[in-house]
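Atoms considered below: every heavy atom in the structure, side chains included; atoms not considered: hydrogens, waters and symmetry mates. Note that the structure is a prediction, hence the values are computed from the model and not measured.
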Amino acid sequence: MNIHKKFFSKIGFNYLMFGVASLIIQIIVINIIGFTNHNILNNFNVLTIISGICNYILPFPVLFFLMRKIEKQELENESLSIKKFLLYLAITFTLMWIGNMIGLGITSAIGSLFQTEITNPVQKLIDSTDIWLNLILVSALGPIFEEIFFRKFLIDRTIKYGARVSIILSAVIFGFFHGNLSQFFYAFLLGGFFAYVYIRTGKIIYTITLHIIVNLMGSVISLFVVQSVQAFISNTGTTMDLMIIVIYILVMLAAFFVGLLGLLSYKKGKFNGSKTQIALKHPLKTSLLNAGMILFILFYVLIIIYSLLK
């Protein structure tokens, strides 16, 4: 194995260890709580809090310790105009919808093939959890930690191999880390796009903000829209309910078409201060087909299969 494959194998192994640590910590915490008070585990809000702590806060030192051993490179900063940021936001929504449609189509096909219903764990979490927990955990805590984990930590250490390698690696690792088929496709697309934005600007705050907004729309705002729709179905809808539905539809349609036009008119991006220092002859083969990345992918493929069989 050459030096470059060893580098990417170490990256894959680090994120594998991070995923394994998150899983082990979650099992330990749930068993400790279950041993002391089993009934508390029947509360979905409690399970959501445990999941957030075990996936983000407690395993944070593990990934930090592993990644700090790898030399990093700071990106040059470049500010975005409001117009450009809104375009990026529109593209974020468009990619999310495209990924959602692909995920929905594939999970529906698998469900039909095996005569079973495949549920979306995120949708179940949003529907079953208190709105304030959705606001704190799904819309704020998750995006902040995920952007640090899968953009800041990862790209600062792989950008020397070029923007394309960093973007693809971020997309693959971020997609698989979600651990279920329903989320994989839009997480893959968003992971790649957020990597592009981070490399383009050198400021993680932009991707955190984009991530927070898209999660906020999906986990909090959408609940109010659903409530308004249900009110009309039950003939109890008000003028306010109608306004919420109309404004939401108009904003989402506008975002979709603007984002779609942005994607269709895309030109090869010029990345400020991130010239490729190490050019790989076979970038995809070198960065993905190595022991560490293969083990990482296999680990999450097994988790995805397990989630389908539950």
Treating [X] as the side-chain partner and [Y] as the backbone partner, does any N or O pair qualify as donor plus acceptor under 3.5 Å?
X: S108; Y: G105; result: no
X: T107; Y: L104; result: yes
X: K5; Y: K285; result: no
X: N55; Y: G52; result: no
X: S307; Y: I304; result: yes
X: T236; Y: A231; result: yes

Taking the cut-offs as 6.0 angstrom to the six-membered ring centre and 45 degrees off its axis, would you call K84 and Y206 a cation-pi pair?
no
Taking the six-membered ring where the residue is Trp, are the ring centres of [X] and [Y] under 6.0 Å apart?
X: F176; Y: F184; answer: yes
X: Y161; Y: F8; answer: yes
X: Y300; Y: H178; answer: no
X: F60; Y: Y56; answer: no
X: Y88; Y: F193; answer: yes

Correct closest heavy-atom pair for A171 and G192 would be CB-N, 3.6 Å
Closest non-hydrogen contact found for V258 with A90 is CG1-CB, 3.8 Å
Rounded at 0.5 Å granularity, tell me how far [atom1] in [X] sits from [atom2] in [Y].
X: I205; Y: I144; atom1: CD1; atom2: CD1; result: 8.0 Å
X: S9; Y: L289; atom1: OG; atom2: CG; result: 11.5 Å
X: I24; Y: M17; atom1: CD1; atom2: CE; result: 8.0 Å
X: I91; Y: L261; atom1: CD1; atom2: CG; result: 10.0 Å
X: Y15; Y: F153; atom1: OH; atom2: CZ; result: 7.5 Å

Surrounding [atom1] of [X] (heavy atoms of other residues, nucleotides or ligands, distance under 6.0 Å), is the total greater than 12?
X: F257; atom1: CZ; result: no
X: F85; atom1: CZ; result: yes
X: I82; atom1: CD1; result: no

Can you tell me if [X] and [Y] form a side-chain donor-acceptor pair at under 3.5 Å?
X: T48; Y: N45; answer: no
X: E78; Y: T201; answer: no
X: S79; Y: K203; answer: yes

Taking ring pair (Phe, Tyr, Trp, His ring centres under 6.0 Å) as the definition, give me every residue that meets it alongside F93, ordered by chain and number, with sequence neighbours left out.
W97
T92: partners by side-chain hydrogen bond (donor to acceptor under 3.5 Å, both in side chains), with sequence neighbours left out
none
List the steps and the verdict of side-chain hydrogen bond (donor to acceptor under 3.5 Å, both in side chains) for S166 and T158.
CA-CA 6 Å; S166 292; T158 60; 2.8 Å; yes
From CA spacing to verdict: ring pair (Phe, Tyr, Trp, His ring centres under 6.0 Å), F174, F188
CA-CA 6 Å; F174 189 57; F188 176 87; over 10 Å; no
Is it the case that one hydrophobic cluster holds both I294 and V301, taking links as side-chain heavy atoms less than 4.5 Å apart, direct or via other members?
no
Determine, using the 4.5 Å side-chain heavy-atom cutoff (strictly less than), whether Y248 and L242 are members of one ILVMFWY cluster.
yes
Residues M67, I11; criterion side chain to side chain contact (heavy atoms under 4.5 Å, CB included); working and verdict:
CA-CA 8 Å; M67 297 299 280; I11 292 288; 3.8 Å; yes
State plainly whether the residues E74 and K152 are in salt-bridge range, i.e. N to O under 4.0 Å.
yes
Decide side-chain hydrogen bond (donor to acceptor under 3.5 Å, both in side chains) for Y306 and N180; before the verdict, give the C-alpha distance in whole Å, the side-chain angles of both, and the deciding distance to 0.1 Å.
CA-CA 9 Å; Y306 174 75; N180 64 82; over 6 Å; no
